[in-house]
Protein chains: 4
Amino acid sequence: MSPQDPLKPRKRPVQRRSRETVDAIVEAAARVLAERGYAHATTNRIAETAGVSIGSLYEYFPNKDAILVAVAERHLAQMLDGVERALAVADGVVDSLDGLVRRLIEALLEIHERSSDLDRVLFSEAPHPPALHACVLQIEGRLAHAVEGLLQRVAELELRDADTAAHLVVQTAEALIHRFVQHGIHDLSRGDFVDEVAALLGGYLRGAGSTLGA
Amino acid sequence: MSPQDPLKPRKRPVQRRSRETVDAIVEAAARVLAERGYAHATTNRIAETAGVSIGSLYEYFPNKDAILVAVAERHLAQMLDGVERALAVADGVVDSLDGLVRRLIEALLEIHERSSDLDRVLFSEAPHPPALHACVLQIEGRLAHAVEGLLQRVAELELRDADTAAHLVVQTAEALIHRFVQHGIHDLSRGDFVDEVAALLGGYLRGAGSTLGA
Amino acid sequence: MSPQDPLKPRKRPVQRRSRETVDAIVEAAARVLAERGYAHATTNRIAETAGVSIGSLYEYFPNKDAILVAVAERHLAQMLDGVERALAVADGVVDSLDGLVRRLIEALLEIHERSSDLDRVLFSEAPHPPALHACVLQIEGRLAHAVEGLLQRVAELELRDADTAAHLVVQTAEALIHRFVQHGIHDLSRGDFVDEVAALLGGYLRGAGSTLGA
Amino acid sequence: MSPQDPLKPRKRPVQRRSRETVDAIVEAAARVLAERGYAHATTNRIAETAGVSIGSLYEYFPNKDAILVAVAERHLAQMLDGVERALAVADGVVDSLDGLVRRLIEALLEIHERSSDLDRVLFSEAPHPPALHACVLQIEGRLAHAVEGLLQRVAELELRDADTAAHLVVQTAEALIHRFVQHGIHDLSRGDFVDEVAALLGGYLRGAGSTLGA
DNA sequence: AATGAATGAGAGTTCATTCAT
DNA sequence: AATGAATGAACTCTCATTCAT
C-alpha cells in the first residue's frame, strides 16, 4: 500500500517455507552473479537456479537490484563476521602491533580469496545503489571500530586520532587486498604482499601519533 | 570476416578525416559514459553525440567494448601525462621524500577530481575486458617506473626493492584517492586526507629498506 | 468441474458469514476499481482490501470479470434505486412535464456525480462481458419503464409510443450526463447543462406524439 | 535528448520508407485493436501484423499508448472528414432544419457503422490518455463549428446561443448513435432510430431560441 | 565512406489463477 | 472454509548490431 523503498525486500517471509525460498534466491543469486557476472545474471536465471518460479522471486524482491543488495548484505555480514572472529582471538592476549596488523591482513585476504568472483561483481561490476553503499559504509565502520578497539590496547602505540587511523587502515587494507586478489600487484607473491602491506600499515600506525600531532 | 582481435579498432585511420571521426566517437563516448553511466551509454547515443551515424561508428569499432577500451586508453594516457608532468618539476630539484610523496598525491588527486564521473564508470561500473585491464597495468607500470626513478634520487632513502616499493606506493595512492573522490573516507577533509596518505606512504618508504631486508 | 456460467458467482452464499465475505469483496472491488482503474485493480489487491485471502476470493468468484459484473450489478441497482426514489416523490402529485424531466435529470446527475470514478471505470475502461451488458440493459429497461409510467400521467402529453419515448429519454439523459460528469460539455455550467438537457428532452416529448404519428 | 512528450511519435519519418512503416503500423494497430480488443492488441501482434519488427515499432512510437493515440487521431480525422463532406453538400442549398439534422445523423451513423469495432475499442475499452481526450475534444469542436455554421443559415431558426446548441446537438447525436450502433436502443430499427433522433434534435433546435432566452 | 532504417533476442516485470497446507 | 506461497505465460520495451541504399 505505501510506496515502499524500491530496494527493500517485499515481504517478510513469515512461514518457514517462504524463508527457505528467500534464502534459496539469495544463495542462487550469489552463485549466478559470481559465475556469470552482473550483466548475465538475469532474474530468470537466478530464479531457475534457485529452483523457484520467476513469480516467486518477484514475490519477495521488487526488482533485480533489491536482490543485489540482499546478496551484498549477506556477503558483507559474512565478511565482517569472519574478520571479527579472526581478530577476536587477540582479545585476551596483549598483541604486538605487527601481530595485530598481520592478523587483520590475513583475515581479509582469506575472505577475499574465498569469494573473489562475487567480490568483483558486487564491488566493481554491478551498479551501486545507495542502499548498497550504505551497507558497505556500515560494515567498514564496524570493522574500523573493532580495529580501533584493538589498537588502543597495543602498548607501543599512542594514537592522536585512533578513529581516523583505524578507518584508514581498514580502507587501505581492503583496497590493496581487493586489488591483489583480483589482478595481483606487480607479481608479488602472497607472502611478500602480506609483508609489504604489514610494513605499510605498521609504519603508518607507529608514526600516526606524531604525524597528526605535528 | 577474418578472425580479428575483437577489441582492437577495426581499421587504422590513415586518412585525416577518419582520424577525426574516431576522435569524435571516443570523445563523445567519454562524455556519454560520464554523464549517463555505462548502462545508459548506448552505442546509438554515442554515435548521435559524436555527430556520426551508427553505421560509421561500427565502421571503426567492432563492438561496444572496443569503444570502452579506446576511451579508457585515452583517459589513462591523459592521467599518466598529467602525473608525469607534475612529477617532472621535481626532476632537476633534489626533493625531500615528503615533498615527492605529496606531489604525487596532489597530482593524482587533482586528476581524479577532474574526471571522477568517468573514473567511476570506467573502473567501477563497466565490465573489464582483458584489453582494458592490460591497459591499466601498463599505465600503472609506467607510473611506478617514474616514481621509482624519483625515489632513487631522494637522499634519505635506501630502498632494497625500489621497484616493488614504487608499485605499492602507486597502487595505494591510486586506490585510496579513488575511494576518497568517489565516496569520501570517514568524513576526512581533503587536507587531512592528503596528510594521512602522505604519512602512510612516507612511513612505508622510510621503513621499506629495513623491513624487506629483515 | 461442471461447465458453469463463467461469470456467475460460484456458490450461493447461504450462510451469513459467506454473505459477508462476498459483500466485502464486492465493496473492496468497487473501491479499488474507482481508485486505481481497471488495469491496476488486481485480484490480489482486491482481496487484500477486502481483508480476505486471494484463495477465498476465488472461492466465491470464478474469475476477475465475475467480480466486475458483481460490482456493476450492485452499482446499477443502487443507481436505479436512487432514481426510482427521486421519481417516486412525483407519484401522488400531478407533475408538469418540465418538473418531471428536471427531476429525472437531477437524480441521474447526482448519482453520476457521486460515483463518477467507478462509472468511468465500469462503463468506459473495463471490458464489457455480455453478462455486464445484459445487466445494463435490464436496469435501463426498468428505468425506462418507471419513466414511462410517469409520462402517461402528465396531462399535457399524448404520446403515440410512450415506451420508445421513455427509452430514448433515458438513454439520452444517461449518455449526456455521463459525458458531462466525465469531461464536461463545452464549458457549460452545471445549471446551464441541466437547462439544455431539459429543453432537449422536453422539446422531444412535447413533439413526440405528432412526430411519430405523422 | 529532451524528455519528450511520452505519447508523441518518436521521430518524424523523413524518408519514404519510414513513412510507409509508420503507416503500416498505424493501419495494423487499427485492425488488431478492432479485431482483438485493447487487452489483446499487444505491441508484438501489431508489429507482426504490420510486417515490421517490434524494434521498428518502438523506433517510431515510444510506447503502446502512443500507437493508440495515433490510431485515434487518424480515425477521428477520417470521421470528421466524412461528416464535413456529407454536410458540405448542403452548403449551397438552403436546407430545411429537418434536412440538415437528418443529414448529420445519417453521416454520423454511416461512419459509426463502418467502424463500429474500432469505435468500441477506442472510445470504450481503451485507456484515455489526455492526449487522446484532447484529440476528441478538438474533433468534436470542429464538428460543432461546422454544424453551427449551417444552423445559422437555416431560415426558420433564431438561436440565442448557436455555439452551445451546436455542441449539444453534436454530443447528443454522437452519444446516441454510438450506443445505437454498439448495442441497439430498445430494438428500434435503423429508420425509426433516425426518426427519433431527428425529432429530438429538431425539437431542441426549434425551441432553443426561446428556451435559453426565457 | 557513410547512412539510418530495420532487426530480434532477450531483458525485467506483472498478475490471474491454482493448490498444498 | 480459509490461507497465501507458488506458478509461468505473457507483457512492454531496449539496444547492440546489420545491411540495403
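A, B, ... follow the sequence lines: proteins, then strands. Residue 1 opens every chain. What you see below is based on every heavy atom in this structure, not just the backbone, and it leaves out hydrogens, waters and symmetry mates.
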query = 5'-most contact on DNA chain E: C:A41 or B:T21, nearest heavy atom basis?
reply =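 Result of the comparison: B:T21.
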
task = Select from B:V52 and D:L57 the residue whose nearest nucleotide in DNA chain E is closer to the 5' end of that strand.
result =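 Taking each residue's closest nucleotide, the earlier one in sequence belongs to B:V52.
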
ask   = In dot-bracket notation, what is the pairing pattern of DNA chain F, taking Watson-Crick (N1-N3 plus N6-O4 or O6-N4) and G-U wobble (N1-O2 and O6-N3) contacts under 3.5 Å, with [ ] crossing and | for other strands?
value = .||||||||||||||||||||

Length of the line joining [X]:[atom1] and [N]:[atom2], which is rounded to integer Å:
X     : N      : atom1 : atom2 : value
D:L68 : F:dT12 : CG    : C1'   : 15 Å
B:L33 : F:dA16 : CG    : P     : 11 Å
D:E48 : F:dT12 : CD    : C1'   : 16 Å
B:D65 : F:dT17 : CG    : C1'   : 13 Å
D:F61 : E:dA6  : CZ    : C1'   : 15 Å
C:E20 : F:dA1  : CD    : C1'   : 14 Å
C:I25 : F:dA1  : CD1   : P     : 13 Å
A:R19 : F:dG4  : CZ    : C1'   : 18 Å

ask   = CG/B:L68 to CD/B:E73 distance, rounded to the nearest 0.5 angstrom?
value =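 Here the rounded value is 10.5 Å.
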
request  = Hey, could you give me the CZ/OG distance between D:R120 and D:S115, rounded to the nearest 0.5 Å?
outcome  =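 The OG atom of D:S115 is 11.0 Å from CZ of D:R120, to the nearest 0.5 Å.
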
message = When you measure from the side-chain N and O atoms of D:Y60 to the phosphate of E:dA6, is any distance below 4.0 Å, counting only OP1 and OP2?
response =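 Looking at the OP1 and OP2 atoms of E:dA6, one of them is under 4.0 Å from a side-chain N or O of D:Y60.
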
ask   = With respect to the phosphate group of F:dT17, does any side-chain polar atom (N or O) of B:Y58 fall under 4.0 Å of OP1 or OP2?
value =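 Checking B:Y58 against F:dT17: at least one side-chain N or O falls below 4.0 Å of OP1 or OP2.
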
Note, C:T43 side chain near C:F61 side chain (heavy atom, < 4.5 Å) =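 No, their side chains stay 4.5 Å or more apart.
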
ask   = With a 4.5 Å limit on heavy-atom distance, are the side chains of D:D119 and D:Q182 in contact?
value =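 Yes, close enough: below the 4.5 Å cut-off.
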
query = Is the number of heavy atoms from other residues, nucleotides or ligands under 6.0 Å of D:R36 CZ greater than 12?
reply =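 No, the 6.0 Å shell around CZ holds no more than 12 heavy atoms from other groups.
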
inquiry  = Using every non-hydrogen atom in the two residues, find where B:A50 and B:A24 come nearest and quote the distance to one decimal.
reply    =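 Reported closest heavy-atom pair: CB-O, 3.6 Å.
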
inquiry  = Quick check: closest heavy atoms across B:V121 and B:G37, and the distance to 0.1 Å?
reply    =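 Here B:V121 and B:G37 meet closest at CG2-CA, 4.0 Å.
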
request  = Is it possible for you to check whether B:K64 lies under 6.0 Å from the centre of the six-membered ring of B:Y58, through NZ or CZ, and within 45° of that ring's axis?
outcome  =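 No; the conditions do not both hold, so B:K64 does not lie above the ring face of B:Y58.
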
Can you check nucleotides 8-11 of chain F for protein contacts, nitrogen or oxygen pairs under 3.5 Å, and list what you find?
| from | atom 1 | to | atom 2 | distance (Å) |
| --- | --- | --- | --- | --- |
| F:dG8 | N7 | A:G55 | N | 3.2 |

inquiry  = The test is side-chain contact (heavy atoms from CB on, under 4.5 Å); show your working for A:L33 and A:I67 and say whether it passes.
reply    = CA-CA 11 Å; A:L33 282 166; A:I67 306 175; over 6 Å; no

